[in-house]
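To keep things clear, I will list the structure first and then write my remarks on it.
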Amino acid sequence: MSTPTYSEALEFAIDRSYDINIDMLRSRNLHLDTFNDYLVGTYPPLKAMGEINPDILLDRIAPSIDLYFHIPFCHQNCTFCHFGKEINPPPRRVERYLAALDKEMSWSDAALAGSAIETAFIGGGTPSFLTNNQLKALFGMIGKRFDLSNSEVSFELHPSLAKQADAADRISTLLKGGVNRFVLGVQTLDRDILRILNRGHGVDEVMQTVKLLKGMGVENLSLDLMYGLPQQTLRSWYGSLIGLLDMEVEKFNIFPLMFKSTDPIARHLARGRYQFAGAKERVMMHFMAEHMLTSLGYRHGPIFYWTKMSQPHSFQQARKYDSWNDNNLVPFGVSGFGFMSECQFYNEVDLDRYLSRVEAGEKPGVERRRPIAG
């Protein structure tokens with residue numbers, strides 16, 4: 001199988017884009033303008049959810065659970081990111097957070113005993129912000145409470161990890177801690193766009209990180225890639241895809257830029273600071289990726305995920321999107337979102353309030369809930 005040329009990918013995308021009548025969708029309010037074109041994570045919306053006593057969340061734990069750990073620290077503020085984070089906190093602040101995370105975990109020990117942990121995901125923020133010693137402390141806390149030996153354990157990496165002298169030591173710590181799936185946030189291989197996004201890494205760091213992971217025996221690696229970015233053209237989008245395919249990565253998460261009004265990039269759009277792809281171009285970028293990946297033997301699904309391997313892109317995503325089972329998602333850390341005892345809920349979203357509440361012996365938030373209709 002040969003990689004489609006730019007002309008071939010573009011021709012396919014143009015043909016497929018004719019199948020989607022953007023004007024008709026807009027006329028029926030089925031397509032929003034770019035500024036409002038982002039995924040809705042919950043239904044009903046959070047503002048429609050009511051207060052809850054967090055103690056009831058441990059009443060009816062399913063026999064099969066997924067864990068999420070939020071690490072809210074980053075080296076820089078990416079312009080498109082709306083997740084809970086704090087930029088370059090001092091080491092004492094990080095250690096205080098890890099201690100609070102440990103305390104929060106301790107409250108669910110008894111309730112979760114006996115449940116099979118199918119997946120665990122360490123996200124952020126930037127989990128690879130943590131030093132090697134902090135990573136050892138984190139996995140020590142997790143390991144003394146949860147048996148992850150038969151679980152899919154995912155860890156988000158930032159390409160800037162390649163700049164750290166002890167990058168290999170950190171990867172080794174993660175592997176020893178049970179991590180068996182890595183997610184690398186690349187977003188684009190266009191150097192100018194990386195600067196606009198304030199990503200804090202270049203193309204070389206992406207290649208170095210992928211090489212390091214492969215050299216240490218990591219096979220389960222997924223790369224995140226975005227389209228519809230500022231100043232992105234159909235040609236530069238094709239270039240990013242080709243660059244990553246040349247690295248022989250077998251899993252991708254390819255998704256459109258999604259705007260939230262609080263993100264700097266949304267203000268860039270509103271003020272016309274950069275050129276953004278229109279609806280038709282975004283559709284064409286999607287179909288260009290589809291044609292290229294399908295031609296090379298990748299399978300699509302669920303949602304934005306692609307894999308060349310025989311197993312699913314990830315069990316975590318399959319359980320989230322493809323399963324009818326009553327899977328409980330148990331979050332730990334500030335702004336973690338979960339599902340337990342037939343309730344959707346989220347933890348305290350402000351880091352200072354999260355720390356104060358946990359240190360005072362309170363469960364960290366559980367601000368809202370949605371009972372599942374019987």
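Quick note: numbers below take in every heavy atom, side chains included, and nothing from hydrogens, waters or symmetry partners.
- For His82, the ring pair (Phe, Tyr, Trp, His ring centres under 6.0 Å) criterion is met by no residue, not counting sequence neighbours.
- Partner of Asp352 under the salt bridge (charged side-chain N to carboxylate O under 4.0 Å, His left out) criterion, out of Arg357, Arg93, Arg96: Arg93 alone.
- A side-chain donor from one of Thr173 and Asn132 sits under 3.5 Å from a side-chain acceptor of the other.
- Applying the side chain to side chain contact (heavy atoms under 4.5 Å, CB included) criterion to Glu95, with sequence neighbours excluded, gives Pro91, Gln134.
- Taking Arg191 as the reference, Arg195, Val203, Asp204 meet the side chain to side chain contact (heavy atoms under 4.5 Å, CB included) condition, with sequence neighbours excluded.
- Judged purely by distance below 3.5 Å, without hydrogens or angles, the side chains of Tyr68 and His70 pair a donor atom with an acceptor atom.
- Under the salt bridge (Lys or Arg N to Asp or Glu O under 4.0 Å) criterion, no residue pair touches residues 220-233, with sequence neighbours excluded.
- From Met226, atom CE reaches atom CG of Leu197 across 7.0 Å, with rounding to the nearest 0.5 Å.
- Listed for the Arg181 side chain is no donor-acceptor partner under 3.5 Å among the backbone atoms of Glu152.
- Of the possible donor and acceptor atoms, none in the side chain of Ser108 sits under 3.5 Å from a partner among the backbone N and O of Ala111.
- Dense packing is recorded around CD of Glu359, with more than 12 heavy atoms of other residues, nucleotides or ligands lying under 6.0 Å away.
- Side chain of Asn347 to backbone of Ser335: no donor-acceptor contact under 3.5 angstrom is found.
- Here Glu250 contributes atom CD and Ser222 contributes atom OG; the two are 11.5 Å apart, rounded to the nearest 0.5 Å.
- Taking OH of Tyr18 as the reference point, atom NZ of Lys280 lies at 7.5 Å (rounded to 0.5 Å).
- A donor-acceptor pair shorter than 3.5 Å can be found between the side chains of Ser149 and Asp147.
- Scanning for salt bridge (charged side-chain N to carboxylate O under 4.0 Å, His left out) contacts around Arg299 gives an empty result, with sequence neighbours left out.
- Judged by distance alone, with hydrogens and angles left aside, the side-chain atoms of Asn328 form no donor-acceptor pair with the main-chain N or O of Met340 at under 3.5 Å.
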Verdict with supporting geometry, Asp102 and Lys144, salt bridge (Lys or Arg N to Asp or Glu O under 4.0 Å)
CA-CA 10 Å; Asp102 188 34; Lys144 72 183 179 184; 3.5 Å; yes
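- In this structure, His158 NE2 and Thr126 OG1 are separated by 5.5 Å, a value rounded to the nearest 0.5 Å.
- The 12-atom threshold is exceeded at CD of Gln164, counting heavy atoms of other residues, nucleotides or ligands nearer than 6.0 Å.
- No side-chain donor-acceptor contact under 3.5 Å links Asn198 to the backbone of Thr79.
- With values rounded to the nearest 0.5 angstrom, Leu241 atom CG is found 7.0 Å from Met288 atom CE.
- The ring pair (Phe, Tyr, Trp, His ring centres under 6.0 Å) check on Phe69 picks up Phe332, with sequence neighbours excluded.
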